Amino acid sequence: LSQDDLKKIAAYKAVEYVDSGMVLGLGTGSTACHAVDRIGQLLRQGKLKDIVGIPTSMKTHDQALSLGIPLSDLDAHPVVDLAIDGADEVDPFLNLVKGRGGSLLREKMVEGACKKFVVIVDDSKLVNFLGGSGLAMPVEVIQFCWKFTAARLQKLFEDAGCVAKLRMGEKEEPFVTDNGNYIVDLYFERSIGDLKAASDAILQLAGVVEHGMFLDMATTVIIAGELGLTVKNK
Ligand code: DER
């Protein structure tokens with residue numbers, strides 16, 4: 001089975017949690033993409049009815065629109081029944097790193113407003129501690145003096161051997177999020193220790209909008225591996 005096959009298996013399993021009439025948070029990324037496709041398919045087949053989708057990015061908005069999924073937003077639906085989304089890392093306590101697709105702010109807003117947050121991953125995303133994969137832990141920052149903010153982020157985690165890098169988009173230009181902000185990716189050599197303390201410290205920096213640690217937010221994590229599916233509940 002390819003990694004994409006595993007993503008699809010996890011995504012389809014998550015859509016089994018969807019009931020007609022739900023307000024759904026629609027995630028962003030290659031795994032969530034399969035879940036959105038599946039929801040569109042079930043709507044077309046009449047197996048799901050009266051669904052309202054709250055997209056977590058312009059990309060998901062466009063995908064859902066093309067599938068005929070009725071869309072709305074948090075202003076109209078401040079409480080979301082169920083959100084389905086991928087993750088970049090999942091630790092043993094179901095804490096997540098998200099945002100390598102650049103949508104962490106809207107994802108965190110939508111997923112923070114939902115009663116159930118089902119995370120879908122292939123087993124390559126499992127880590128012993130967040131930041132442990134050596135891959136980016138994203139922080140969304142305002143464009144104004146981003147270098148100043150990046151330097152403060154790097155200093156904050158110098159004990160963990162942190163390097164902060166501006167995320168670049170196409171044509172050697174900085175990546176700009178749906179919200180008009182930049183992303184500074186943090187890379188760690190060692191564990192950052194207490195995640196809640198790290199989260200609070202990051203959010204205290206004035207130039208920071210949000211970070212990609214989703215702590216104590218997932219209610220269910222569906223993991224697809226070669227040996228089958230594992231469902232972990234909070
Ligand atoms: O950017 C995001 O938060 C995505 O959900 C990401 O975490 C997972 O993307 P993937 O499903 O393409 O690996």
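Treat the numbers as computed from the prediction; the structure is a model and nothing was measured.
Interatomic distance, D91 CG to L195 CG, rounded to the nearest 0.5 Å: 6.5 Å. Atoms CG and NZ, on D216 and K234 in that order, are 4.5 Å from each other to the nearest 0.5 Å. Here E111 contributes atom CD and L96 contributes atom CG; the two are 8.5 Å apart, rounded to the nearest 0.5 Å. In this structure, CD1 in I54 is found 9.5 Å from CG in D75, a value given to the nearest 0.5 Å. The line from CG of L24 to CD1 of I51 is 4.5 Å long, rounded to the nearest 0.5 Å.
Within the structure, ring-ring contact (aromatic ring centres under 6.0 Å, His included) contacts touching residues 10-64 (residues at least two apart or in different chains) do not occur.
K98 pairs in a salt bridge (charged side-chain N to carboxylate O under 4.0 Å, His left out) with only one of the listed residues (E107, E210, E140), which is E107. Here the rule is side-chain hydrogen bond (donor to acceptor under 3.5 Å, both in side chains) with S57, and of T177, D62, T28, D178 only T28 fits it. With S124 as reference, Q3 is the one residue of Q3, E89, K7 to meet the side-chain contact (heavy atoms from CB on, under 4.5 Å) rule.
Between the side chain of N179 and the backbone N or O of N181 there is no donor-acceptor pair closer than 3.5 Å. A donor-acceptor contact shorter than 3.5 Å is absent between the side chain of K47 and the backbone of L42. The main-chain N or O of A136 is found under 3.5 Å from a side-chain atom of R100 such that the two form a donor-acceptor pair. D81 places no side-chain N or O within donor-acceptor distance of the main-chain N or O of M22, the cut-off being under 3.5 Å.
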Under the criterion side chain to side chain contact (heavy atoms under 4.5 Å, CB included), I'd like the reasoning laid out for V110 against D85: C-alpha separation, chi angles, the key distance, then a yes or no.
CA-CA 10 Å; V110 173; D85 202 353; over 6 Å; no
Stepwise side chain to side chain contact (heavy atoms under 4.5 Å, CB included) test for V36 and I84:
CA-CA 9 Å; V36 175; I84 300 174; over 6 Å; no
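Under 3.5 Å, the side chains of R44 and Q41 contain no donor-acceptor pair of N or O atoms.
Qualifying salt bridge (charged side-chain N to carboxylate O under 4.0 Å, His left out) partners for K165, counting only residues two or more places apart in sequence or in other chains: none. T220 is linked by a side chain to side chain donor-acceptor pair (under 3.5 Å) to N233, counting only residues two or more places apart in sequence or in another chain. With sequence neighbours left out, the salt bridge (charged side-chain N to carboxylate O under 4.0 Å, His left out) criterion links K196 to D200. Checked against side chain to side chain donor-acceptor pair (under 3.5 Å), K232 has no partners two or more places apart in sequence or in another chain. Legend: residues meeting ring-ring contact (aromatic ring centres under 6.0 Å, His included) with F188, ordered by chain and number and at least two apart, are F157.
K115 places a side-chain heavy atom less than 4.5 Å from the side chain of V79. Put simply, the side chain of L156 reaches to within 4.5 Å of the side chain of L205, judged on heavy atoms.
Taking the six-membered ring where tryptophan is involved, the planes of F117 and F214 are tilted, since the angle between them lies from 30° to 60°.
Atom NZ of K59 has 12 or fewer heavy atoms from other residues, nucleotides or ligands within 6.0 Å.
Hydrophobic cluster membership differs between V15 and I223, with clusters built from Ile, Leu, Val, Met, Phe, Trp and Tyr side chains linked at under 4.5 angstrom. A continuous path of hydrophobic side-chain contacts links L215 to L153 [ILVMFWY only; heavy atoms under 4.5 Å].
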